[in-house]
Amino acid sequence: MPTPANPGRLVMERIPSKSADLSEWYQAVCYQAELVSQAPVRGCLVLRPYGMGLWERLVAELDRRFKETGHENAYFPLLIPESLLLKEAEHVEGFAPEVAWVTEGGTEKLTERLAIRPTSEVIVGVMYAEWIQSYRDLPLLINQWANVMRWEKRTRPFLRTAEFLWQEGHTAHATEGEAAEEVARMLEVYREVAEDVCGVPVYKGEKSPSERFAGANHTYSIEALMPDGRALQSGTSHELGQNFARAYDITFAAEDQTQQYAWTTSWGMSWRMLGALIMTHGDDRGLRIPPAMAPTEVVIVPIPRGDTTRLDEAARELYRACKAAGLRVKLDDRPGQSPGYKFNEWDLRGVPIRLELGNRDLDAGVATLVRRDRAVKEEGQKQQVPLGEVVAFIPTVLEQIQHSLTAQARTFLQDHTFATLDREEFFRLLRERAGMVDVPWCGRPECEAAVKEATSASTRNMREPARAERCVPCGEPARYQAYFAQSY
RNA sequence: CGGGAUGUAGCUCAGCUUGGUAGAGCGCUGCGUUUGGGACGCAGAAGUCGCAGGUUCAAAUCCUGUCAUCCCGACCA
C-alpha cells in the first residue's frame, strides 16, 4: 500500500479498498476523482473544478436556507489588527496557537501585527458596535462566505486544512431568548442540509464546556459518524451571550430607554461537510455522490462501433433533452478513451446515473441506464429504458438513489450507536472505536478528562435529560445524555 | 511542537554504496487498428537531478549548510 510521501502516488494507482484502510482510500479518492490537488503551500488545498462543483452545490443549498430565514450576505476583511483580537480574552486564548500573522507590508515592517482571520467574530463585533444603536436595529442577521486560516499541525483534504472555505453567520439580538432561538434554528438548518441534501445522518446536541467555542456560553453541533467509527463535527452554532458585546461594546437603546448589551450568535459550516459526504457514501469504486449534491447528475457515454453518424446524433439529442429538462448532464464523447475506461472514471467520480448508448440500444429504441448506488452486475444496476421515456424517468431514479444512499448511511449510524449502562462495556466500546457510545453523563470536566485519558475519546455532544440516575463513566449523578466517540 | 522519511521528466520511481553519455513505467503528442467494465502497435516530445556552497580533471552520486513537502503522535471547524 502506498504511504503518500507524495500524494501524487495515489493519483496513478487504483484506489485501495475502503474497508481495508479508510485513510488511504479517502486520500486516493480525493485526488483521483479530481476534487483537489495538493498545493505548493503547506497545509493548503487546491479545489479543482469538480471539487468546486461539490462545494457550489453545498453553498447553493445553505445560502437558499439562510435567505429564507431572513439573513443577508456581507463580507468582512481577511485581516484583523492584533489589538482588536486581544479584547475578548477567552477567544484569544482559544485561537492564539493557530493564528497566522502578517508582519510586513511591502518593504515596511508593520507597527501592529495583523492576524489572518481564524474566524470573524472580532471584526464583525467591531462593525456591529458601529451599526447597532437602537433595539430597532435588531435583530441583525448577517452571513459571510469566506476563507479562514488556522495554522493546523496536521492536515487532511477537506477535514482539516490550514486555509478552508466556510460560511459564518453572525447575528445580534435584543434578548437572550431570541439569540437562543436563532442558534437552534440554524443548527436545524445544518441538520437538514446534512441529512436531506448530503444524505449524512447526524446527532444534534450541545457541546460540553471543554469542547465549546472559545468565548461562547453554549455551543451546539451536529455530529456525523465515519466508517472507521470516528465522529466528525459537521456544523456548529454558538450562543455567545453578551461576551462579545461587552468586549466590542455592542450596545443599544432598548424600548424601556435603558442602554443594553446585545446578545450575539455565530454559526458555521465548512467544506469539511464534503469530507463527511465522501467518507459516508463512497465505496471501493470511488465516490458515490447523493444526487442532490452531484455537480453532474447524469453522464451519457456513447459506445461507438463502425460508422457513428447515427449514434453521434442520437447522443447529442439525448443530451439536449436532458439539458432541456433541467438536469445537470454531461456528454462524454471523448474519442480517445474506451467505454470501459469512461465507466470506471465516472464511477470513481460518483455520478449517480450513467446512460449508455450504443448501436444495440438504438436498434431496440432504448438507452441503458446504470445506477451508481448499485454494485457492478447487481440486480437493477442496469436497465433498458425506451428513449422516449428516459428523460422523464431520470428524476424518479435520482430520488431513489438519494433515498437509498441516505438509508444506508442511517443504518450504519444506528448499527454503530451503542446505548449502554455498563461501565466496562462503555470503555471497551470507546477503545475499540466502535462508534457513538450514548450514555448518561454527569457533565463534569474531570470525568470527561478521565475518559479521554483512558480511551482518547471525548464527548461529541449531549442533550437533556439523562436516561438513568448515574453517570456511566464515573457513577456520580447523571445530568445529561451524551454521545462519546473518538473524533477527527 | 516531538519522532520518522523524502526531494531526479507532468506522475510514481530506479540510478548514489564504488564520482565519468540522464533512465524505466504511466501519462502526453502523431499515425493506424480498436471501443457494451480501465485496448494495442509504431513513431515522438519531455529533466539546470530542491537550492547554495565545498572537495575533485570531473558531482544526481562525496561533504557542509539551507529550504520545502509528506507520514506518525500531542492540539484543533
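Side-chain atoms are counted along with the backbone in the values below, which use heavy atoms only and exclude waters and symmetry mates. Note on naming: letters A, B, ... go to the chains in the order of the sequence lines (proteins, then strands), and numbering restarts at 1 for each one.
- E82(A) CD to R113(A) CZ: the interatomic distance, rounded to the nearest 0.5 Å, is 4.0 Å.
- Side-chain atoms of W25(A) come within 3.5 Å of backbone atoms of D283(A) as a donor-acceptor pair (strictly under, hydrogens ignored).
- For the OP1/OP2 pair of rG38(B) and a distance below 4.0 Å, the side-chain nitrogens and oxygens of S338(A) include no atom meeting the criterion.
- Look at rU21(B): its glycosidic torsion is within 90° of 0, and that puts it in the syn range.
- Look at the C1' atom in both rU56(B) and rU18(B): the space between them is 16 Å, to the nearest Å.
- Each of rA77(B), rC70(B), rG38(B) was ranked by its minimum atom distance to the side chain of N344(A); first place goes to rG38(B).
- Contacts between residues 159-167 of chain A and RNA chain B, defined by a heavy-atom separation below 4.0 Å, involve L159(A), R160(A), T161(A), F164(A), listed by number.
- Checking S266(A) against H170(A) by side-chain atom types alone, no donor-acceptor pair falls below 3.5 Å.
- Of the candidates rU35(B), rG38(B), rG37(B), the closest approach to any side-chain atom of R354(A) belongs to rG37(B).
- The backbone N or O of L159(A) sits nowhere less than 3.5 Å from a side-chain atom of Y488(A) that would complete a donor-acceptor pair.
- In this structure, G268(A) and Q384(A) both approach RNA chain B, and ranking their closest nucleotides by distance from the 5' end singles out Q384(A).
- Separation of the P atoms belonging to rG41(B) and rG27(B) is 11 Å when rounded to the nearest angstrom.
- The cationic group of R117(A) does not satisfy the cation-pi geometry with F95(A), failing either the under 6.0 Å distance to the six-membered ring centre or the 45° limit from the ring axis.
- rA58(B) and rG50(B): their C1' atoms are spaced 23 Å apart (whole Å).
- Remark: C1' of rC76(B) and CZ of R460(A) are 11 Å apart, rounded to the nearest angstrom.
- Checking rU69(B), rG37(B), rA77(B) against the side-chain heavy atoms of V370(A) singles out rG37(B) as nearest.
- Counting to the nearest Å, the P atom of rC72(B) and the OH atom of Y488(A) are 11 Å from each other.
- Side-chain nitrogen and oxygen atoms of R272(A) include none within less than 4.0 Å of the OP1 or OP2 phosphate oxygen of rA77(B).
- Each of G306(A) and S456(A) was assigned the nucleotide of RNA chain B with the nearest heavy atom; the assignment lying further toward the 5' end belongs to G306(A).
- Taking 4.0 Å as the cut-off between side-chain N and carboxylate O, R374(A) and E379(A) do not count as a salt-bridged pair.
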